[in-house]
Amino acid sequence: MPNKRNPFDEIERLIERMSDQFEDIDQWSGLEGALPGRLSVDLAEFEGAFEVTADLPGFETGDIEVELLDEHLRIRAERETESEAEEPGRYIRRERSERSIDRRIRLPEPVAEDEVEASFTNGVLTVCLPKAETSEETHHIDIE
C-alpha cells in the first residue's frame, strides 16, 4: 500500500511560510501603525546567546507572559482598564483602553531552555536566551 501524505503537514508548512513573511514586514517603513497590537522587537546574537528586547510601555510585570515554544519565543501582554464604577469623576475624553499584544519570534538556533532569563525595567522587556550546547562528537549510523 503506498504511503499517503498527511494533508496537515502541508498546511503547517504554509502557516510557517506566512509567519516568516509577516516577520519580514517590520522592514517596511510606516507599516507599524497599520498593524494594531504589533510588538516590535530587536533580536541580537552574541557569542553564546541571543537577546530579545521589546518595548512594552504602560504594562507592568504581572501583565506580561513569556514562553518558549519549540524554536519560538512568545511574548504576550495584556492590560485592562479600570471599570467605570471604580473611577470617580466624569471623563471628557478617554483614549486609553484595554490593550493586548501577542508576538512569536522564531529563534535561529536551539537555546538552553533551563537557562533563559527575562527582566523588565522601565517598560523594556529583555530576554536572554543562551544557545544550546552543540556536540562536536559524531554519531555513526549503520546502514542495513
Side-chain angles (χ1 to χ4, degrees), residues 1-139 141:
M1 189 173 225
N3 238 353
K4 286 191 173 185
R5 293 177 61 195
N6 183 349
F8 296 106
D9 290 340
E10 184 64 26
I11 291 171
E12 283 185 30
R13 280 193 293 277
L14 288 171
I15 290 172
E16 190 65 37
R17 282 180 50 205
M18 283 180 25
S19 176
D20 291 343
Q21 289 174 350
F22 279 114
E23 285 182 12
D24 294 339
I25 261 180
D26 291 334
Q27 296 173 4
W28 301 344
S29 62
L31 200 54
E32 257 178 44
L35 298 171
R38 181 80 171 152
L39 174 64
S40 296
V41 299
D42 292 338
L43 174 59
E45 181 177 10
F46 298 97
E47 186 175 325
F50 297 104
E51 185 177 88
V52 174
T53 308
D55 291 334
L56 293 165
F59 289 97
E60 297 192 21
T61 306
D63 301 332
I64 303 167
E65 186 178 320
V66 180
E67 298 174 319
L68 194 58
L69 308 162
D70 296 323
E71 40 192 60
H72 290 86
L73 178 72
R74 181 178 188 184
I75 300 172
R76 186 175 19 196
E78 188 170 343
R79 177 182 65 214
E80 297 180 13
T81 56
E82 302 85 22
S83 69
E84 295 276 339
E86 295 175 5
E87 301 174 16
R90 183 178 74 106
Y91 287 98
I92 297 170
R93 180 180 202 139
R94 190 166 187 182
E95 295 179 353
R96 297 180 332 130
S97 63
E98 194 171 297
R99 185 168 178 212
S100 154
I101 294 175
D102 193 339
R103 173 85 187 267
R104 285 186 186 204
I105 300 102
R106 172 177 232 153
L107 302 172
E109 293 178 29
V111 297
E113 296 177 17
D114 297 339
E115 299 175 30
V116 175
E117 295 179 354
S119 63
F120 187 65
T121 308
N122 296 329
V124 178
L125 174 69
T126 304
V127 183
C128 182
L129 304 131
K131 294 179 182 178
E133 296 282 329
T134 55
S135 174
E136 294 295 324
E137 297 178 21
T138 58
H139 178 74
I141 300 171

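None of the values given here were measured: they were computed from a predicted structure.
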Could I get the full list of side-chain hydrogen bond (donor to acceptor under 3.5 Å, both in side chains) partners for Glu60, not counting sequence neighbours? none

Not counting sequence neighbours, which residues clear side-chain hydrogen bond (donor to acceptor under 3.5 Å, both in side chains) with Glu65? List them please. Arg76

Atom CZ in Arg104, atom CG in Leu39: separation rounded to 0.5 Å? 14.0 Å

I'd like to check Thr126 versus Thr121 (side-chain heavy atoms, cut-off strictly below 4.5 Å). Are they in contact? no

Test of understanding: with side chain to side chain contact (heavy atoms under 4.5 Å, CB included), list the residues that count as partners of Glu10, not counting sequence neighbours. Arg5, Arg13, Leu14

Nearest heavy-atom pair of Leu56 and Phe120: which atoms, and what distance? O-CZ, 3.8 Å

Enter the distance from Thr53:OG1 to Glu51:CD here, rounded to the nearest 0.5 Å. 4.5 Å

Enumerate the residue pairs fulfilling salt bridge (charged side-chain N to carboxylate O under 4.0 Å, His left out) with a member in residues 113-130, sequence neighbours excluded, ordered by first and then second residue. none

Correct closest heavy-atom pair for Pro130 and Ala49 would be CA-CB, 3.7 Å

Output, in order, the C-alpha distance, side-chain angles, deciding distance and verdict of side-chain contact (heavy atoms from CB on, under 4.5 Å) for Leu129 and Leu68. CA-CA 10 Å; Leu129 304 131; Leu68 194 58; 4.1 Å; yes

Can you name the residues that form a salt bridge (charged side-chain N to carboxylate O under 4.0 Å, His left out) with Glu78, not counting sequence neighbours? none

Flag the pair Leu73 / Val41 as yes when at least one side-chain heavy-atom distance between them is below 4.5 Å, and no otherwise. no

My understanding is that only residues two or more places apart in sequence, or in another chain, count here; which of them pass side-chain hydrogen bond (donor to acceptor under 3.5 Å, both in side chains) with Glu71? Arg106

A side-chain contact here means heavy atoms from C-beta on lying under 4.5 Å apart; do Val52 and Leu125 qualify? no

